[in-house]
Amino acid sequence: MSDPDFHDVVIAGGGMAGASLARALAGGGLRVAVIEPYPPGDAGQPGFDDRALALAFGTARILNNLGCWSRLREEVNPITTIHVSEQGHFGFTRLHADDEGVEALGYVVPARALGQALLQEIRGLDGVEWLSPARLRQFDTHRTHVSLSLEHDGETRRIDTALLVGADGGKSIIRERLNIPTRHTAYAQHAVICNIQTRQAHRDVAYERFTDAGPMAMLPMSGHRSALVWSVDDDRLDELLNLGDRDFAATAEQHFGQRLGRFEQAGKRSAYPLEMLRAETSTAPRVVLIGNAAHTLHPIAGQGFNLGIRDVAVLAELLDDAVRQGIDPGDEQLLGRYESWRQRDQQWVARATDSLVRLFNNPLAPIRAARGLGLTALDNLPPAKHLLARGAMGLAGHLPRLAREGHTHD
Ligand SMILES: Cc1cc2nc3c(=O)[nH]c(=O)nc-3n(C[C@H](O)[C@H](O)[C@H](O)COP(=O)(O)OP(=O)(O)OC[C@H]3O[C@@H](n4cnc5c(N)ncnc54)[C@H](O)[C@@H]3O)c2cc1C
């Protein structure tokens, strides 16, 4: 009989990255456990909160191949156009789904709904044990396995695994205990998020607007609502959070401009500190980091989870192949392949996001003028726009099977 305290793969963290990986591995012949401090559906689960996520076309394809997309139908709003502009300048650029031959460049989904869909999918599937409330406290790596010490339902429990996956978010204790060096930038900014009811319909357009009070994204949601993600300097945060709903709506409208008409109503506001963090390596013996544990991004381009789910799709593919070939899931070469497959995408997206933050935070007049010209030039350059669109859609580079069309996953 198999040892109940041994798992082929243990995923520490059941947020979006960890839950997606558990779904991708379910039924594939591996014994998988997920360790998560918050029980399913707990309103305190920080990963599945009120934020609206812009999911790239490629991410939607992965979620569809994982069987989750149909559960989200009622909640998703397509993005057919992305409109980028700067307050006080004429230059702007637009990306259109039609130009890329797709029905949508991406979709907007509330994080809470995505969390529920993932957890419903996992429930009842073979091979995944969901341990919660449970928290990873310690681990020791040995030649053949990793020994973990958890706090599970108030008790200390020990389990062993061939592969430990760190999906425990930006403050990953796995990354810290392994002393993996990171590149870290604190932007001294917070993202203020809130849903806004606008006078005019959004017509499925996602707006990215660079303003003198920080970049604003307006993501199209159901009805005449858009989700505002406004990245503001820390010294303006209290002022914006302390405004009444009406005054906040008026202030946001004043910076955004009139493309959506009046901002009629503002919903509940939340704020998130913004930083960039990138682990210099995603792997260590019998350990791999995925999602925010490996890379935490500024939300300016809405790429955080879109990048994380590509980690998931690649790791799931390598583990799937390992099962078929009878290879140890913690095999050193497998982890080496993961690292080299994911490095380029992670590096590129992290650098592009960071450059965007710096470019649009720069108040110097020549840079501002160049930005306006750059947006106009880009709008008139179809090949460059196409490249940008493919990247934003999550379709650039060597795609894993789960990100390809029509690859269903049992
Ligand atoms: C304002 C804002 C807007 C965003 N918009 C977008 C967007 O439009 N598009 C997009 O793609 N991305 C977006 N993102 C990024 C996206 O939200 C994150 O990339 C994503 O949530 C990361 O998921 P994760 O599972 O890697 O990490 P997390 O969500 O941080 O999950 C980590 C999990 O690990 C658990 N955990 C922590 N410690 C332990 C432990 N010791 N043991 C076990 N479990 C532990 C936690 O409880 C949590 O459930 C946005 C982020 C912000 C802040």
Side-chain angles (χ1 to χ4, degrees), residues 10-22 33-40 42 44-56 58-60 62-63 79 82 106-112 114-115 118-119 130-139 148-152 164-177 187 189-194 206 208 215 217-219 221 227-232 269-277 289-312 349-350 353 392 394:
V10 169
I11 305 168
M16 269 181 281
S20 310
L21 181 64
V34 180
I35 308 170
E36 168 56 44
Y38 294 88
D42 188 311
Q45 188 0 322
F48 300 143
D49 60 10
D50 294 327
R51 84 189 78 164
L53 298 170
L55 300 183
T59 301
I62 295 173
L63 291 170
I79 299 173
I82 299 176
Y107 300 86
V108 181
V109 180
R112 200 182 296 289
L114 178 56
L118 283 167
L119 295 176
W130 193 274
L131 305 174
S132 75
R135 185 178 281 278
L136 176 67
R137 290 291 183 201
Q138 308 262 14
F139 62 95
L148 314 178
S149 170
L150 350 166
E151 197 180 294
H152 184 201
L164 172 61
V165 179
D168 53 341
K171 298 198 166 25
S172 168
I173 66 153
I174 298 176
R175 191 188 65 230
E176 278 169 20
R177 297 269 153 86
Y187 292 112
Q189 285 185 334
H190 273 72
V192 176
I193 65 153
C194 129
E208 180 79 48
M218 285 285 276
L219 307 174
M221 301 183 80
L228 169 70
V229 184
W230 191 359
S231 307
V232 298
R269 270 163 269 161
S270 317
Y272 300 80
L274 298 182
E275 59 179 348
M276 185 189 70
L277 182 146
L289 303 176
I290 62 167
N292 271 26
H295 41 74
T296 302
L297 306 181
H298 191 294
I300 193 167
Q303 289 298 323
F305 177 60
N306 290 311
L307 188 60
I309 202 162
R310 297 202 287 276
D311 298 347
V312 167
V349 174
T353 302

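Because the structure is a prediction, the values reported are computed rather than measured. Order of appearance sets the numbers: ligands from 1, and atoms from 1 within every ligand.
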Which of the ligand 1 atoms, numbered from 1, are nearer than 4.0 Å to a heavy atom of [X]:
X    : value
Q303 : 11 (O)
G302 : 7 (C), 8 (O), 9 (N), 10 (C), 11 (O)
Y38  : 47 (O)
G291 : 26 (O)
G304 : 10 (C), 11 (O), 12 (N), 15 (C), 19 (O)
A167 : 32 (C), 33 (C), 34 (O)
I193 : 1 (C)
Q45  : 49 (O)

Practice item. Determine the minimum heavy-atom distance between H190 and P273, stating which atoms define it. Key: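 Taking H190 first and P273 second, the nearest heavy atoms are CD2-N, 3.3 Å.
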Exercise for review: Would you name the heavy atoms of E36 and G14 that are closest together and state the gap between them?
Suggested key: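 Closest heavy-atom pair between E36 and G14: OE1-N, 2.7 Å.
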Specify side chain, backbone, both or neither for [X], according to which of its non-hydrogen atoms lie closer than 4.0 Å to ligand 1.
X    : result
R51  : side chain
R137 : neither
P299 : side chain
L307 : neither
Y272 : side chain
A111 : neither

Under 4.5 Å between any side-chain heavy atoms of [X] and [Y], yes or no?
X    : Y    : result
R177 : Q138 : yes
V10  : L136 : no
S20  : F305 : yes
S172 : L289 : yes
L53  : M16  : yes
R175 : L277 : yes

Check your understanding: R310 side chain to N306 main-chain N or O, any donor-acceptor pair under 3.5 Å?
Key ->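 Flag set: sc R310 to bb N306 pair under 3.5 Å.
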Check your understanding: Sub-3.5 Å donor-acceptor pair from the side chain of D168 to the main-chain atoms of I173, do we have one?
Key ->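 Present.
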Euclidean distance, [Y] [atom2] relative to [X] [atom1], rounded to 0.5 Å:
X    : Y    : atom1 : atom2 : result
L219 : R51  : CG    : CZ    : 12.5 Å
L55  : I62  : CG    : CD1   : 10.5 Å
R135 : E151 : CZ    : CD    : 8.0 Å
T296 : L307 : OG1   : CG    : 10.5 Å

Review point. L274 to ligand 1: N or O pair under 3.5 Å?
Key: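 L274 vs ligand 1: no N/O contact under 3.5 Å.
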Nearest protein heavy atom with distance in Å, relative to [atom]:
atom                    : answer
atom 43 (C) of ligand 1 : I35 O, 3.4 Å
atom 25 (O) of ligand 1 : A17 N, 2.9 Å
atom 7 (C) of ligand 1  : A54 N, 3.5 Å
atom 47 (O) of ligand 1 : E36 OE2, 2.9 Å
atom 29 (O) of ligand 1 : G47 CA, 3.6 Å
atom 21 (O) of ligand 1 : M16 CE, 3.2 Å
atom 12 (N) of ligand 1 : F305 N, 3.1 Å
atom 41 (N) of ligand 1 : L136 O, 3.3 Å

Review point. Counting heavy atoms only, which of L53, D168, N292 is nearest atom 39 (C) of ligand 1?
Key: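 Shortest heavy-atom distance from atom 39 (C) of ligand 1: D168.
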Practice item. Could you check which of G169, P37, G15 puts a non-hydrogen atom nearest to atom 27 (O) of ligand 1? Key: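 Answer by nearest heavy atom: G169.
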**Study point:** Test side chain to side chain contact (heavy atoms under 4.5 Å, CB included) applied to V34 and L21, step by step
**Key:** CA-CA 10 Å; V34 180; L21 181 64; over 6 Å; no
